[in-house]
Amino acid sequence: QVQLVESGGGLVQAGGSLRLSCAASGHIFSSYGMGWFRQAPGKEREFVATINWNGGNTYYADSVKGRFTISRDNAKNTVSLQMNSLKPEDTAVYYCAASLVTYHSGSYYEYEYDYWGQGTQVTVSS
């Protein structure tokens with residue numbers, strides 16, 4: 001069992017930055033690939049970024065590539081999402097998730113994730 005708790009969300013103006021963090025507990029963190037997903041009002045949850053167990057492999061949605069950076073610190077059991085040049089369309093609830101089966105690569109498929117956090121709200125004003 002893994003517990004995930006996101007933090008760092010908030011209200012920011014377009015063009016600004018936020019850093020989301022996800023703290024994990026309950027199992028060996030480095031056994032998991034990690035991902036960030038988001039869900040905007042009235043829309044389905046979508047993939048944002050993923051990172052494999054040692055940080056050597058990352059993958060981003062086209063909509064955030066070049067603006068967002070995912071990273072992890074296995075010593076601190078945390079995964080982060082640095083978000084720069086934020087746009088109003090980035091407004092959503094952001095979720096972190098842990099995937100045991102894809103620890104070696106990370107994944108952009110929701111169904112491959114075993115554990116989810118409760119989400120943190122990010123609002124970007126224009």
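- One finds the CZ atom of R19 at 9.5 Å from the CG atom of N84 (value rounded to the nearest 0.5 Å).
- In this structure, I28 places its CD1 atom where only 12 or fewer heavy-atom neighbours from other residues, nucleotides or ligands lie under 6.0 Å away.
- Q1 approaches Q3 most closely through the heavy-atom pair CG-NE2, 3.2 Å.
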Hey, mind stepping through L86 and L18 against side chain to side chain contact (heavy atoms under 4.5 Å, CB included) and telling me if it holds? CA-CA 8 Å; L86 283 161; L18 279 176; 4.2 Å; yes
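- Side-chain contact check for T78 versus S21: every heavy-atom pair is 4.5 Å or farther apart.
- For W53 against S30, the heavy-atom pair with the smallest separation is CB-O, 3.2 Å.
- Here the side chains of Q82 and S17 are in contact, with some heavy-atom distance below 4.5 Å.
- You'll find the side chain of L81 reaches within 4.5 Å of the side chain of Y94, heavy atoms only.
- Between M83 and D90, every side-chain heavy-atom pair lies at or beyond the 4.5 Å cut-off.
- Here the side chains of Y103 and S31 are not in contact, with every heavy-atom distance at 4.5 Å or above.
- A side-chain donor-acceptor contact under 3.5 Å links E6 to the backbone of C96.
- The aromatic ring centres of Y59 and Y108 sit less than 6.0 Å apart.
- The side-chain tip of R72 does not point at the ring of Y32 from less than 6.0 angstrom away and within 45° of straight on.
- Here the straight-line distance linking atom CD of Q13 with atom OG of S126 works out to 9.5 Å at 0.5 Å rounding.
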Quick one: do M34 and N52 satisfy side chain to side chain contact (heavy atoms under 4.5 Å, CB included)? Show the steps, please. CA-CA 6 Å; M34 300 297 296; N52 75 329; over 6 Å; no
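- For the pair T120/L20, a side-chain contact is recorded, criterion being any heavy-atom separation below 4.5 Å from C-beta on.
- Residue S107 comes nearest to F47 through the heavy atom pair O-CE1, 3.6 Å, listed as atom of the first residue, atom of the second, then distance.
- Scanning all heavy atoms of the two residues, the minimum distance from Y113 to A97 falls at CD2-CB, 3.3 Å.
- Only one option out of Y95, Y109, Y111, W116 pairs with F37 in a ring-ring contact (aromatic ring centres under 6.0 Å, His included); it is W116.
- When side chains are defined from C-beta on, E112 does not count as touching E110, because their heavy atoms never get closer than 4.5 Å.
- Under a 3.5 Å cut-off, the side chain of D73 and the backbone N or O of V79 do not form any donor-acceptor pair.
- Across V122 and G9, no two heavy atoms sit closer than the pair CG2-CA, 4.2 Å.
- We find the OG1-CD1 distance between T102 and I51 to be 12.0 Å, quoted to the nearest 0.5 Å.
- Closest approach of A24 to V2, counting heavy atoms only: CB-CG1, 4.4 Å.
- Taking the charged nitrogens against the carboxylate oxygens, D62 and K65 do have a contact shorter than 4.0 Å, which makes a salt bridge.
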CA sep, side-chain torsions, deciding dist, call: V64, R38, side chain to side chain contact (heavy atoms under 4.5 Å, CB included): CA-CA 12 Å; V64 306; R38 67 186 181 186; 3.9 Å; yes
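- Considering only heavy atoms from C-beta on, T69 comes within 4.5 Å of Y60 through its side chain.
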